[in-house]
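Read through the structure below, which is laid out as structure tokens, and then see the notes.
Atom set for the values below is all heavy atoms of this structure, side chains included, hydrogens, waters and symmetry mates excluded.
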Amino acid sequence: MLDKGRRAFIRLLGGAVTGWPLAARAQQPERMRRIGVLMPFAESDPQYQGSVASFRDALVKLGWVEGRNLRIDYRWAGGDFGKLSGYAAELVALMPDAIFVMNSVAVGALQRATRSAPIVFADVPDPVAAGFVSSVARPGGNITGLALYEHAIGAKRLELLKQLAPGVTRVLLHNVAEIEAAIDAFAREPNGGLITLAHPPVQT
């Protein structure tokens, strides 16, 4: 998970700053650019500290150095999702060139705060269903990023389950609200298999 998070930071925000106009960078090499980072997690979390460190390293390799031509403003909610709306508003008020965000709840807070500031997300299971983008191929609007789950993987998971347990004739796919009752009922009959999805909680 740590490496995955680091790669997400490098790919998404590294790509975002690389996309800033080359002419502007050539003409104004020391112009201060600004990035906002909204994290719903604790600042002390080693996984996300590692992601931030890798992100900074990638920016340096691209020529963006904090204190010289780049400023990064962080907001860490520490797991308290109630703080996200306020932090989102704070970051938008700083008028950053881009805002990086992780988790659907935090993306929702930013979406409510701005419809113009560029937002790049990671760890969002289904950005289309959540209403963050119009489609995966053409996000539209001011939000884009890396989806956590690719629906085509579902068929592959079913294939793997069948290989592991050839006797399976029934498969259960559930959501959080009905998980306990559904599993209890499903387990009463033989030859069943269970598939779970990587899907963090979504609150908008």
Side-chain angles (χ1 to χ4, degrees), residues 1-16 37-42 44-55 57-58 76-81 84 100-111 119-141 143-204:
M1 292 298 295
L2 178 58
D3 289 339
K4 178 181 178 182
R6 290 178 178 177
R7 287 197 300 271
F9 263 80
I10 294 169
R11 272 199 307 270
L12 293 172
L13 272 175
V37 176
L38 180 59
M39 303 289 279
F41 317 105
S44 59
D45 189 311
Q47 174 178 339
Y48 296 103
Q49 279 298 316
S51 296
V52 168
S54 294
F55 167 55
D57 290 343
W76 298 83
D80 184 351
F81 289 173
L84 290 173
F100 179 76
V101 58
M102 298 187 73
N103 182 279
S104 297
V105 184
V107 178
L110 277 170
Q111 186 182 45
I119 298 170
V120 182
F121 63 76
D123 285 352
V124 172
D126 192 339
V128 177
F132 300 145
V133 299
S134 299
S135 72
V136 174
R138 298 180 183 277
I143 303 177
T144 189
L146 180 67
L148 182 65
Y149 180 72
E150 168 55 51
H151 291 285
I153 295 177
K156 186 63 177 179
R157 287 178 171 172
L158 184 59
E159 179 184 338
L160 291 173
L161 176 62
K162 193 65 176 175
Q163 291 176 2
L164 292 170
V168 168
T169 57
R170 301 176 306 121
V171 175
L172 173 65
L173 181 67
H174 56 77
N175 61 36
V176 174
E178 56 193 22
I179 180 171
E180 187 172 350
I183 291 177
D184 286 343
F186 190 78
R188 295 190 188 105
E189 298 183 30
N191 302 320
L194 175 66
I195 295 177
T196 62
L197 304 180
H199 198 307
V202 176
Q203 298 177 9
T204 58

**Prompt:** CD1 of I119 to CD of Q111: how many Å apart, nearest 0.5 Å?
**Reply:** 7.5 Å
**Message:** My understanding is that only residues two or more places apart in sequence, or in another chain, count here; which of them pass side chain to side chain contact (heavy atoms under 4.5 Å, CB included) with S44?
**Reply:** A42
**Asked** By side chain to side chain contact (heavy atoms under 4.5 Å, CB included), which residues pair with D57, not counting sequence neighbours?
**Response** none
**Item:** Over all atoms of both residues, closest heavy-atom pair of V101 and A106
**Value:** CG2-CB, 3.2 Å
**Asked** Can you tell me how far the CD atom of Q47 sits from the CZ atom of F41, to the nearest 0.5 Å?
**Response** 7.5 Å
**Item:** Flag side-chain contact, heavy atom, 4.5 Å: Y48 against V37
**Value:** no
**Prompt:** Going by heavy atoms in the side chains, are N103 and V124 under 4.5 Å from each other?
**Reply:** no
**Asked** What is the distance from atom CG of L84 to atom CE of M39, rounded to the nearest 0.5 Å?
**Response** 11.0 Å
**Nearest-0.5 Å distance, CZ of residue F121 to CZ of residue F132** = 8.0 Å
**Request:** Go through the structure and list residues passing side chain to side chain contact (heavy atoms under 4.5 Å, CB included) with E189, not counting sequence neighbours.
**Result:** R170
